[in-house]
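Bear in mind the structure is a predicted one, so any value in this text is a computation, not a measurement.
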Amino acid sequence: MINALLSVPTGYQTESALIIAPYFDPWFGRQVAERLQPQRLRFVVDDGARYEDIEALEQEVRDAGVRDLRILVAQANSLMHMKAYYFQFRNQDGIVDQRHLQFGSANATKAGYSDSGNAELIAATRLLPSEHADIINYFDSVLEAADTGGGRIQGIACSPGQGTPGLFLPSFYLSDADAPAGFDGWLQRGRLVAKYRDAQKFLSVTIRLKKAVPPGEVAQVFAEHGMGNVAEKYEVGHRYVAETGDLEDKSANPLWRSKYCVWTHFGYWVSEECYKQRKGEFVAGAKAKREAAINELLANYSDKTWKDSRRSQFIMRLQTIWSALEELGPPSDYLEGDEQLDIAFYCERFDKKVAEDARLAREPKFKERYVNGYDFPPVPKFRPDTDPWNAFLESWADTIALEADQSKKNSQLVKTLEYVLGDVERLRDLSSSEIVNWLRATWRNEIKPGAIVLAKYEDGYFYPATIKRTEAERHLITWLQDGVAARVRLNEVCFVSDGVENYFLDYDPYWEKLDARAAKYADSA
């Protein structure tokens, strides 16, 4: 299938390839680059696409030889869900006289376009200026906006033409991939906060008992010899590094989580920007102890003397437990052995566990999760499923509303929202749905009359304001705090999203960063 869909007409070269799809992967980018060899290649993806995925796509395409490449993000009211593939081909005289369009259900992925992938519906047609001028103009406008860094794409309804059905092409806003996404896209790009639960078995030999330990004297024997509370359990553990068990994190709610994260029904959420800026702080209280323990293993796991010593400690503990259990019944009811402890069995178990732990310790990702005590998986990509996504938004906004109602606030995001709103009391008065609707409407609104923006005051700082009128070189604005009107230069206003996205920054450098970024959006006026 891909041979037919991604092919160049005989005697032609590819002038431009425009790929519009919410989901993509590097494999598809390389296929387009190698098979079509376009002079210019433009990708338009949903604004919830992760930065690292965009970077991987860019790297793959450039490695395949395409130099004129731009990847942009599209913001819609919800997901930018269109899948359209528009190709311009030039003849031997250098004139573009063939234009092909593909559209349907397939994303720009291996699953969408490979012969071994999904069952997809794809329509492919040649566009003729005499029949499809409106369709050609629409996709040419997307190409033009992509070349100039973005802008609003106006949707149109196209009548049926030769080789095409009636098409309804959507409106959306196009911007650079590093520009602020829409509010929903910003949430989608965020991460969840997950405590790393498997750490307890690392640096510990787990012993599977033959039967569960009953409460009472038998359980007490195991507890007195460092196996913890094992009543009614089938497993006990021996920690061969840091045996006192002081590697467990006791802080149920670390300060950073309440300051920078927002609780949702998926657990705590944190923005991608905040995570990248502050991830060095997002760690368990026992980080230093865990780091020392894993480094001890890495330094000694191949040292025979160290390993023999630790194995001997393990066997001695089991032998002591065996002896104590003999007074209460056959120790073989719980431990491997007959008349005496099966030392060879447990020595082998110990050696295998140390080898497995050493293998894990050498993996950078595991070491990071273990030492820090937390993992930060991306928010699942479920925005197309409207009801679950709205429930996620509602739970996020519920936490914002509850925190806003507190007299003493710890959430840096709530404090920033109150500042950007320009009225501390207003956020308290908004319901969860009103908070979501306000952020959606003002996140990256065009800088035009009626827009809420952040504008530079005479003291050099940015404050929330409403644009009343756009003049030749200035905006007439009204400060939200006091209603006073003023005129500011075009490069002295920027979007509300700039403030909220940077909620994790200290205030002075935060406003200075807004000052530097404001000029970037002056052309939106």
- Judged by modelled atom types alone, do H100 and Q98 share a side-chain donor-acceptor pair under 3.5 Å? yes
- Note on the structure: In short, salt bridge (Lys or Arg N to Asp or Glu O under 4.0 Å) pairs touching residues 385-402 with sequence neighbours left out are none
- Item | Heavy atoms from other residues, nucleotides or ligands near CD of E356 exceed 12 (cutoff 6.0 Å) | yes
- Task: Any ring pair (Phe, Tyr, Trp, His ring centres under 6.0 Å) involving residues 7-27? Give me the pairs, sequence neighbours left out, ordered by first then second residue.
- Result: none
- Query: Is the W269 to W186 ring centre distance short of 6.0 Å?
  - Reply: yes
- Query: Sequence neighbours excluded, which residues qualify as side-chain hydrogen bond (donor to acceptor under 3.5 Å, both in side chains) partners of E52?
  - Reply: R50, R191
- Query: Hey, are D184 and Q188 close enough side-chain-wise for a donor-acceptor pair under 3.5 Å?
  - Reply: no
- Task: Could you note down all residue pairs passing salt bridge (Lys or Arg N to Asp or Glu O under 4.0 Å) where residues 363-373 supplies at least one of them, sequence neighbours left out?
- Result: R359-E363
- Where does the angle between the aromatic ring planes of F282 and Y260 fall among parallel (under 30°), tilted (30 to 60°) and perpendicular (over 60°)? tilted
- Only counting residues at least two apart or in another chain, list the ones meeting ring pair (Phe, Tyr, Trp, His ring centres under 6.0 Å) with Y86. F139
- Query: How would you list all residue pairs meeting salt bridge (Lys or Arg N to Asp or Glu O under 4.0 Å) that involve residues 5-24, not counting sequence neighbours?
  - Reply: E15-R90
Which donor-acceptor pairs under 3.5 Å do the side chains of residues 123-131 make with protein atoms, sequence neighbours left out?
residue	atom	partner	partner atom	Å
T125	OG1	G163	O	3.2
R126	NH2	D97	O	3.3
E131	OE1	Q162	N	3.4

- Decide if the gap between the ring center of F266 and the ring center of F382 is smaller than 6.0 angstrom. yes
- Using the six-membered ring wherever Trp is involved, compare the ring planes of F366 and Y370 and label them parallel, tilted or perpendicular (cut-offs 30° and 60°). parallel
- Query: Tell me the salt bridge (Lys or Arg N to Asp or Glu O under 4.0 Å) pairs involving residues 19-44, sequence neighbours left out?
  - Reply: R30-E34, R30-E60, R40-D147, R42-D68, R42-D147
- Can you name the salt bridge (Lys or Arg N to Asp or Glu O under 4.0 Å) partners of K276, sequence neighbours left out? E272
- Y457 vs W479 aromatic rings, parallel, tilted or perpendicular, using cut-offs 30° and 60°? perpendicular
- For residues E403 and N410, report the shortest heavy-atom separation together with the two atoms involved. OE2-N, 2.9 Å
- Query: Residues in salt bridge (Lys or Arg N to Asp or Glu O under 4.0 Å) with K381, at least two apart?
  - Reply: D53
- Item | Test of ring centre spacing under 6.0 Å for W396 and F183 | yes
- For D47 against R383, the heavy-atom pair lying closest together: OD1-NH1, 3.4 Å
- Query: Listed by chain and number, what are the salt bridge (Lys or Arg N to Asp or Glu O under 4.0 Å) partners of E434, not counting sequence neighbours?
  - Reply: none
- Pairing residues for W438 by the ring pair (Phe, Tyr, Trp, His ring centres under 6.0 Å) criterion, not counting sequence neighbours: none
